[in-house]
Amino acid sequence: MTSRMKPAIDIIDQRVRHAMRQVTGIEDCSAIVTPATNAKFGDYQANGAMALAKKMKTNPRKLAEQVIEKLDVSDVCQPPEIAGPGFINLRLKPEFVIESLRQMHSDPARLSIPPAEKPRKTVVDYSSPNIAKQMHVGHLRSTILGDAICRMLEFMNHKVIRQNHIGDWGTQFGKVILALWHVCMAIDVHKKSYFKNDFERLQSNKDNKNELYKICMQIRDRHDKDYINDQLEEFGDAKKYFGRFLEKLDDIIDEIWPDILLAYRFVNLLDDILPGMGLRIITREKKDNEWKPVERPYEHLTRKITVMLQQGGEENCQEEDAWHSVKKATMEHCDYIYQLLNVTLEHPRDSRGESFYKDMLAGVVEDLQKQGLAVDSDGAVCVFPEGFKNKEGDPLPFIIKKSDGAYLYATTDLAALRYRVDELKARRIIYVTDSRQKLHFDMLFAVARKAGWARDDVELSHVTFGSVLGEDGTPLKTRSGENIKLRELLDEAIGRARSVVEQKNPDLSEDQKQQIAKAVGIGAVKYADYSNNRTSDYIFSFDKMLAMDGNTAPYMQYAYARIKSIQRKAEKSGVDVEAELKDLTGIEFTQPDEIALAKYLIRYGEAVEMALADYRPNFLTNYLYELTQKFSGFYTNCPVIKAPPDSRRQRLLLCELTAGVIKHCLRELLGIEVVEQM
RNA sequence: GCGCCCGUAGCUCAGUUGGAUAGAGCAACGGAUUUCUAAUCCGUGGGUCGGGGGUUCGAAUCCCUCCGGGCGUGCCA
């Protein structure tokens, strides 16, 4: 039976608080226990007496003296000391440190970290790629940050429900369908990929308005002709070619996938350019049960398709299959990236895209109207939550239905939130998106609270993060201004790691080299992200993240590999490491490097706690970095294999636990692989 | 205009409800290798914590103000 103890800092905090309560009679005293700022003050310090003395207007030093009289920490620390204006300094007892190490050793799965006392069912909403787009750097942070949060929560025994809120509904829905139609026309009618040519022409003329107008007019003319050509009167919209094309789509989609991606970008680009040009396009609308050709502004086309689809109905049902095909192909790509990144997100298990909520959207709007929270405003349906103002100082709207009848992400997010609370029984919902969406989530939460869809027993939090920047300090893009594909970025990381392995350790087998390159390359990208404070932007640099010095994945992996090497060598020289660590009595650390490492090892639980409290993995990486630095000092000054048996045994223990912590933190909590040699 | 975030060493960044002398890495300079992986370690220099004011035993941290930057701000997500 293994016993698990709270981190020392929590034990001390509790005891000091108790003592403060006894002295002052005040219930909620705050002990403010932190790691000592300087080793000469001990291991921990309690600053709470000073803060409390201020509140009570008494002498802080005297209060501190009264507190330590009542303070019983004799099982954990040496007698406390008071310093300066009223710091209470605490030094861990060697026996406590050694006992803690023993417990960690006897509990390799948890390293003696107790699970949460009150597990909470938690929904984590993260990654959220878009349909018909390849994942790019913009998805990196949400995906891996969300993954680390899920891993940490699960480690602490919370029930986690991952929700990949895929962007598969809304405006881009119409764009995808239009893009598919272009691909169909290109293949079946024109027998050539005209949109590729058009796309390039539009791009290369982006500063020449006259030329753009001419190109758009040509595109419009072809579109009109194709559109009329694609009609079958008795069936309605786009049936002659497009209908047949959709029937075979599933079989050919892999082959034409690059075309679909390009056509999608073509439609997007066109949508950016068209407004203000006044070009009109032929389409049809059903009036009195009869289809009538009508002219509409070209730029309204994708929106029109979107609305048709959101309205559903028999006439609009042909796209359903197309939709599934595109989604399937997109998610296969995403799954590949997830596997490469080693994140615990799987399609379809964790997917619940925007489209999942489509039938709940009307109900969301209705219910808010019934409650009197949603009102008409300029033709749109809006909620005006308290405390939000626009530039004129007027109430800021949370728009849940557009004037053209379409729903927005506000509506979808409300429906999703309601579903998560009512159906998934979430008691905490964590949204991992970039900080630019802060206002949206603040308003979302305000509306959900006001509507009674999230009560006080449900915690809502928006975990924000900054942008990934290029070396020039602007958002990371290719030279031509496009988002960098995640796939390409990761491949390059692996390639760079590979060449380092090749250089440093050419004798390894092909398999080993590739395995190390992958672990190091992917690990480097993820670790670099984790080690930055999530709220700030950071500059992406392969050279820095793959450096062997400093707070990088390779440095941690190297430390781990060195320990493994020691253990292998020890075995080779006839030491049975496991047997040696069976009996852990009579240990006594004498070397400063041993003591520093031992004391730092037992603080792993503290680091996990801090990282989870604020969803900041950089606390974990900071801890790992300090741990490995302390290990390096130990490694340099304390030989293991050549040490006398008693000394060797306790040094092997430190090695074993250091490796255990590195591996657990990297692999279990951050999803970064370790390697036995590198 | 208003709101949110940010400004820490030449560069990239940490800094745990306000705590003792503000820390790393890179770059620069100087050392260490017959030694368990030198993909390493040790040392040196480098700071008006954007400026100013305030709160107090004590401020990079909290408040005010100014300067500089990023993002957001009614029908994208």
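Lettering follows sequence order; numbering is per chain, from 1.
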Distance col, row Arg21(A):CZ vs Glu27(A):CD, nearest 0.5 angstrom, shows 5.5 Å
Heavy atoms from C-beta onward define the side chain here; which of rC4(B), rA20(B), rU21(B) lies closest to that of Lys438(A)? rC4(B)
Go through the N and O atoms of the side chain of Lys389(A) and the base of rG1(B), and report whether any donor-acceptor pair is under 3.5 Å. no
If the cut-off is 4.0 Å, is Ser573(A) near the phosphate of rC36(B), judged by side-chain N/O to OP1 or OP2? no
What is the distance, to the nearest angstrom, from the NZ atom on Lys564(A) to the C1' atom on rA39(B)? 19 Å
Quick test of your reading of the model: are Asp394(A) and Lys389(A) salt-bridged, counting only N-O distances below 4.0 Å? no
Under 4.0 angstrom between Asn618(A) side-chain N/O and rG15(B) OP1 or OP2: yes
Between P on rA24(B) and CG on Asn622(A), what's the gap in Å once rounded to a whole number? 13 Å
From Asp593(A) atom CG to Phe634(A) atom CZ, the distance as rounded to the nearest 0.5 Å: 8.5 Å
To the nearest 0.5 Å, what is the distance between CG (Asn130(A)) and NZ (Lys175(A))? 10.0 Å
I'd like the P distance from rG54(B) over to rU61(B), given in whole Å. 14 Å
Looking at rU73(B), rA24(B), rA20(B), which one has an atom nearest to any side-chain atom of Gln629(A)? rA24(B)
Which one, rG72(B), rG74(B), rU17(B), comes nearest to the side chain of Arg436(A)? rG72(B)
OG1 of Thr474(A) to CD1 of Ile539(A): how many Å apart, nearest 0.5 Å? 9.5 Å
Hey, which sits more toward the 5' end of RNA chain B by its nearest nucleotide, Glu606(A) or Gly633(A)? Glu606(A)
For rC49(B) and rC6(B), measure between their C1' atoms and round to the nearest Å. 14 Å
Looking only at rA14(B), rU40(B), rU17(B), the nucleotide nearest the Arg562(A) side chain is rU40(B)
Identified pairing partner of rG18(B), criterion: Watson-Crick or G-U wobble below 3.5 Å: none
Expressed in whole Å, how much space separates the P atoms belonging to rC5(B) and rC64(B)? 12 Å
When you get a sec, tell me which of rC36(B), rC13(B), rG19(B) is the closest nucleotide to the side chain of Asn47(A)? rG19(B)
Between P on rG58(B) and NZ on Lys54(A), what's the gap in Å once rounded to a whole number? 8 Å
Are the ring centres of Phe631(A) and Tyr600(A) closer than 6.0 Å? no
Answer yes or no: side-chain N or O of Ser435(A) and base N or O of rG72(B) forming a donor-acceptor pair under 3.5 Å. no
Separation between the C1' atoms of rG25(B) and rG18(B), rounded to whole Å: 28 Å
Can you say whether a donor on the side chain of Lys40(A) sits under 3.5 Å from an acceptor on the base of rU21(B), or the other way round? yes
Glu571(A) atom CD is separated from rC36(B) atom P, nearest whole Å, by 18 Å
When we call it a touch if two heavy atoms are under 4.0 Å apart, what does Asp537(A) touch: a base, just sugar-phosphate, or nothing? sugar-phosphate
Is there a side-chain polar atom (N or O) of Thr535(A) under 4.0 Å from OP1 or OP2 of rC5(B)? no
rU17(B) base to Ser30(A) side chain: any donor-acceptor pair below 3.5 Å? yes
Are Arg17(A) and Asp28(A) within salt-bridge range, i.e. N to O under 4.0 Å? no
What is the nucleic acid contact for Asn89(A), judged by heavy atoms within less than 4.0 Å: base, sugar-phosphate only, or nothing? base
Please name the nucleotide paired to rU34(B) by Watson-Crick or G-U wobble geometry with both distances under 3.5 Å, or report none. none
When the aromatic ring centroids of Phe445(A) and Tyr431(A) are compared, is their separation below 6.0 Å? yes
Looking across every strand, which nucleic acid part, if any, lies under 4.0 Å from Ala83(A) by heavy atom: base, sugar-phosphate, or nothing? base
Phosphate OP1/OP2 of rC41(B) contacted by Tyr555(A) side-chain N/O (<4.0 Å): yes
Winner on side-chain proximity to Ser377(A), out of rC71(B), rC57(B), rG74(B), is rG74(B)
Asn533(A) side chain, from C-beta outward: closest of rA39(B), rG15(B), rC57(B): rG15(B)
Remember a base hit wins even if backbone is also touched, and classify Ala51(A) as base, sugar-phosphate or nothing at under 4.0 Å, heavy atoms. base
For Tyr409(A) together with His440(A), are the ring centres under 6.0 Å from each other? yes
Between rG19(B) and rA59(B), how many Å separate the two P atoms, rounded to a whole number? 11 Å
Val520(A) vs Phe619(A), nearer the 5' end of RNA chain B by closest nucleotide: Phe619(A)
Could you check how far OH of Tyr407(A) sits from C1' of rA77(B), rounded to whole Å? 18 Å
Expressed in whole Å, how much space separates the C1' atoms belonging to rA14(B) and rA60(B)? 12 Å
From CG of Asp472(A) across to P of rG70(B) the rounded distance in Å is 13 Å
Nucleotide rC11(B), atom P - distance to CD of Glu471(A) in whole Å: 15 Å
Is there a Watson-Crick or G-U wobble partner for rU61(B) with both distances under 3.5 Å, and if so, which one is it? none
Which base sits across from rU44(B) as a Watson-Crick or G-U pair, both distances under 3.5 Å? rA28(B)
Using the P atoms only, state how far rA24(B) lies from rA32(B), rounded to an integer number of Å. 23 Å
Do Asp413(A) and rA77(B) have a side chain to base donor-acceptor pair shorter than 3.5 Å? no
Can you tell me which nucleotide in rU16(B), rA39(B), rC36(B) comes closest to the side chain of Pro639(A)? rC36(B)
Decide if the gap between the ring center of Tyr623(A) and the ring center of Tyr604(A) is smaller than 6.0 angstrom. yes
Complementary nucleotide of rC71(B), counting Watson-Crick and G-U pairs under 3.5 Å: rG3(B)
Taking only the C1' atom of each, what is the distance from rU17(B) to rG51(B) in whole angstrom? 28 Å
Phosphate OP1/OP2 of rA14(B): any Asn551(A) side-chain N/O under 4.0 Å: no
Given rU40(B), rA77(B), rA20(B), identify the nucleotide with an atom nearest to the side chain of Ser632(A). rU40(B)
To the side chain of Asn532(A), which of rC36(B), rA39(B), rA14(B) is closest? rA14(B)
Quick one: look up who rG23(B) pairs with, Watson-Crick or G-U, both distances under 3.5 Å, and put none if it's unpaired. rC13(B)
What is the distance, rounded to the nearest whole Å, between atom NZ of Lys544(A) and atom P of rA39(B)? 22 Å
Base, sugar-phosphate or nothing for Tyr635(A)? Non-hydrogen atoms, less than 4.0 Å. base
Does Tyr558(A) contact rA39(B) through a side-chain donor or acceptor facing the base, at a distance under 3.5 Å? no
